[in-house]
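Have a look at the structure below, then the notes.
Everything numeric in this text was worked out from a predicted model, so none of it was measured. Letters A, B, ... are given to chains in the order of the sequence lines, protein chains preceding strands, and every chain is numbered from 1.
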Protein chains: 2
Amino acid sequence: MRILVVEDDVNLNRQLTDTLKEAGYVVDQAFDGEEGHYLGDGEPYDAVILDIGLPEMDGITVLEKWRGAGKVMPVLILTARDRWSDKVAGIDAGADDYVTKPFHVEEVLARIRALIRRAAGHASSEIVCGPVRLDTKGSKATVNGVALKLTSHEFRLLSYLMHHMGQVVSRTELVEHMYDQDFDRDSNTIEVFVGRLRKKIGNDLIETVRGLGYRMQAPGMVSKDAKS
Amino acid sequence: MRILVVEDDVNLNRQLTDTLKEAGYVVDQAFDGEEGHYLGDGEPYDAVILDIGLPEMDGITVLEKWRGAGKVMPVLILTARDRWSDKVAGIDAGADDYVTKPFHVEEVLARIRALIRRAAGHASSEIVCGPVRLDTKGSKATVNGVALKLTSHEFRLLSYLMHHMGQVVSRTELVEHMYDQDFDRDSNTIEVFVGRLRKKIGNDLIETVRGLGYRMQAPGMVSKDAKS
DNA sequence: GTCAGTTCATGCGCATTCTCGTGGTCGAAG
DNA sequence: CTTCGACCACGAGAATGCGCATGAACTGAC
């Protein structure tokens, strides 16, 4: 999962970024409205944290531009407590959530989790796929109740796949959401990680769709070949 | 749009209910946790406003029970300003949003609107043609509920045909949409794929219109008169 | 240095796709 | 009605290149 943080206060930005990274997210940073707009417009993020008061370009304007361009990723805006009207303006501009400053970082984290989860269409903080359970709250995964030991990239891969269960996820998509901005994409890293993950959770869960990508799905509903 | 308000403070409940009704929603009221849980479990709501501090059953518990039972309607929780940990717990229990007391009623209204709007975006994208269902989001197709195993080109073909149901689609058109570059046109690959697809989904669905191309259509619908 | 995690390179196996050839079907003209 | 030519279906083999396993090289943390 890849997140963009747009916040001009350097300390606050770093604080948010660090916490998110610790929680296993890939994070890009922007320190003014223009940079933020540019990144959010060009890169595929799973969520954005956007300050309202920004140099160069106002947060609301940034958000409106994104929505006008058809961007639908969840956006959490940060507002000052006394600027009540900002919240309404932000929500009307297409924000999915807001937090008022000052805030507890844990709260932002929880809301980001909820937004990402919601965007994928899951109600609770646990996603289940056959024997595999993903605890988005604790960044843990279990197979048949046994805790899985995953490296950070393996976890990110599993997490992204489980958030998009039943859908085919392309390699490019995976690379873009597992790594930040610049990454050499002509290599077979993704295949390697898929292979390793399969070894840990079982081969049946991640189906490879030749030419398109991978799809995670509970087995049992085996796709039957209708070649009668 | 039908909304449930679970709030034990009678005045606050009525205030919310009135505002929502004025805005054109249908509103049900509950004044304690058990009643709220019962209603939310049995009736289909488009959104729920849920207070955390409730007699009989805690709001968080109510929410967890709903989510555990598979209810996915958007829930907005109300918390006291100083109980920030409640917010985190609520969000992790599956709340979609929260508002801290005291609040402006317009704000609650704006957020309910946002929640309903967002929930509407999760409608699955499916095209149906007779026994065939195409899940464009998951790159999957089923015939009579049985999952089809399609190669990527077969899927692209089916997808294009189903997006233009009832229309005659020329070979050239298909080639142009199934391949990126210009493609050696004097080959019969399209025929081959149509043949393979027919084998998998049944012959009746793809009709060949001699000299023009193919047309996909649910069988049983009168299509003979078009050839006079 | 050691170790865990990650990236890169290679070669093989095989699903997928393309080509080709034959035979069948349709429609119009004689 | 018959005949002819164009169009189409389909099977089978050939060629392509994708996906995977494997192991070695690389990196950073301690």
Side-chain angles (χ1 to χ4, degrees), chain A residues 18 21-22 24 26 139 141 148-159 161 168-180 182-216 223 225-228, chain B residues 139 141 148-158 161 168-175 177-216 223-224 226-228:
Chain A
D18 288 351
K21 280 189 177 164
E22 238 167 68
V26 179
S139 297
L148 266 182
K149 191 165 175 277
L150 297 176
T151 70
S152 68
H153 279 89
E154 286 167 0
F155 182 80
R156 264 178 252 168
L157 172 63
L158 177 65
S159 170
L161 285 173
V168 173
V169 180
S170 73
R171 252 161 275 269
T172 328
E173 203 180 333
L174 286 170
V175 168
E176 280 171 347
H177 289 266
M178 286 172 61
Y179 298 89
D180 49 22
D182 16 61
F183 178 76
D184 187 12
R185 56 191 47 147
D186 24 333
S187 82
N188 63 347
T189 352
I190 296 297
E191 277 102 323
V192 173
F193 278 114
V194 169
R196 286 226 287 266
L197 201 58
R198 280 210 256 242
K199 250 181 218 165
K200 295 189 180 180
I201 68 172
N203 284 353
D204 306 340
L205 290 159
I206 302 175
E207 177 189 358
T208 127
V209 183
R210 204 185 166 88
L212 292 179
Y214 298 94
R215 168 169 47 209
M216 182 147 191
S223 46
D225 202 332
K227 66 151 161 262
S228 55
Chain B
S139 300
L148 267 183
K149 198 176 165 234
L150 296 176
T151 71
S152 65
H153 278 188
E154 286 167 1
F155 184 82
R156 258 177 280 176
L157 172 62
L158 177 65
L161 285 173
V168 175
V169 179
S170 73
R171 251 160 274 270
T172 328
E173 206 179 333
L174 286 171
V175 168
H177 284 88
M178 287 174 63
Y179 300 90
D180 340 302
Q181 287 278 356
D182 285 84
F183 174 77
D184 195 7
R185 185 48 204 90
D186 48 344
S187 83
N188 66 342
T189 34
I190 296 297
E191 278 100 325
V192 172
F193 278 111
V194 169
R196 285 228 290 263
L197 205 62
R198 280 211 257 245
K199 234 187 237 172
K200 294 188 179 181
I201 68 173
N203 285 351
D204 306 339
L205 289 158
I206 302 175
E207 176 190 358
T208 125
V209 182
R210 203 182 169 82
L212 293 178
Y214 299 93
R215 167 168 47 202
M216 181 149 191
S223 59
K224 286 285 171 187
K227 75 161 178 197
S228 57

Selected nucleotide, minimal atom distance to B:S152 side chain, candidates C:dT17, C:dT7, C:dT6: C:dT17
Any side-chain heavy-atom pair of B:T189 and B:Y179 under 4.5 Å: yes
Residue pair A:L158 / A:A141: nearest heavy atoms and the distance that separates them: CD2-CB, 3.8 Å
Side-chain heavy-atom pair B:L205, B:L197 within 4.5 angstrom cut-off: no
Rounded distance (Å) that lies between atom C1' of D:dT27 and atom OH of A:Y179: 14 Å
Partner set under side chain to side chain contact (heavy atoms under 4.5 Å, CB included) for A:V26, not counting sequence neighbours: A:R2, A:R156, A:D180
From C:dC8, C:dT6, C:dT17, nucleotide with atom closest to A:S187 side chain: C:dC8
Watson-Crick or G-U stems involving DNA chain C, each at least 3 pairs long, distances under 3.5 Å, ordered by first number: C:1-30 with D:1-30
Spacing of A:H153 atom NE2 relative to D:dT27 atom C1', expressed in whole Å: 12 Å
Contact letters for nucleotides 16-21 of chain D, in which S counts primed atoms plus P, OP1 and OP2 and B counts the base, heavy atoms under 4.0 Å: -BBSSB
Rounded distance in Å - CZ (A:F193) to C1' (C:dA4): 12 Å
Whole angstrom value for the distance that separates P of C:dG5 from CZ of A:R156: 13 Å
Test side chain to side chain contact (heavy atoms under 4.5 Å, CB included) applied to B:E173 - qualifying residues, sequence neighbours left out: B:Y160, B:V169, B:S170, B:H177
Distance in angstrom units between A:E154 CD and C:dT7 C1', rounded: 14 Å
Test item: A:Y214 and A:L174 side chains (from C-beta on) under 4.5 Å apart, heavy atoms: yes
Gap between atoms CE and P, on B:M178 and C:dC18 respectively (whole Å): 8 Å
Pairing residues for A:R210 by the salt bridge (Lys or Arg N to Asp or Glu O under 4.0 Å) criterion, not counting sequence neighbours: none
Rounded distance (Å) that lies between atom C1' of C:dA15 and atom NZ of B:K200: 11 Å
Phosphate-side-chain proximity, A:T151 and C:dA4, N/O vs OP1/OP2 below 4.0 Å: no
Nearest to side-chain heavy atoms of A:K149, which nucleotide of C:dC8, C:dG5, C:dT6: C:dG5
Rounded interatomic separation in angstrom, taking CG from B:L174 and C1' from C:dC18: 17 Å
Under the side chain to side chain contact (heavy atoms under 4.5 Å, CB included) test, residues paired with B:R196 that sit two or more places apart: B:E154, B:V192, B:F193
Straight-line distance of B:R215 CZ to B:L161 CG, nearest 0.5 Å: 12.0 Å
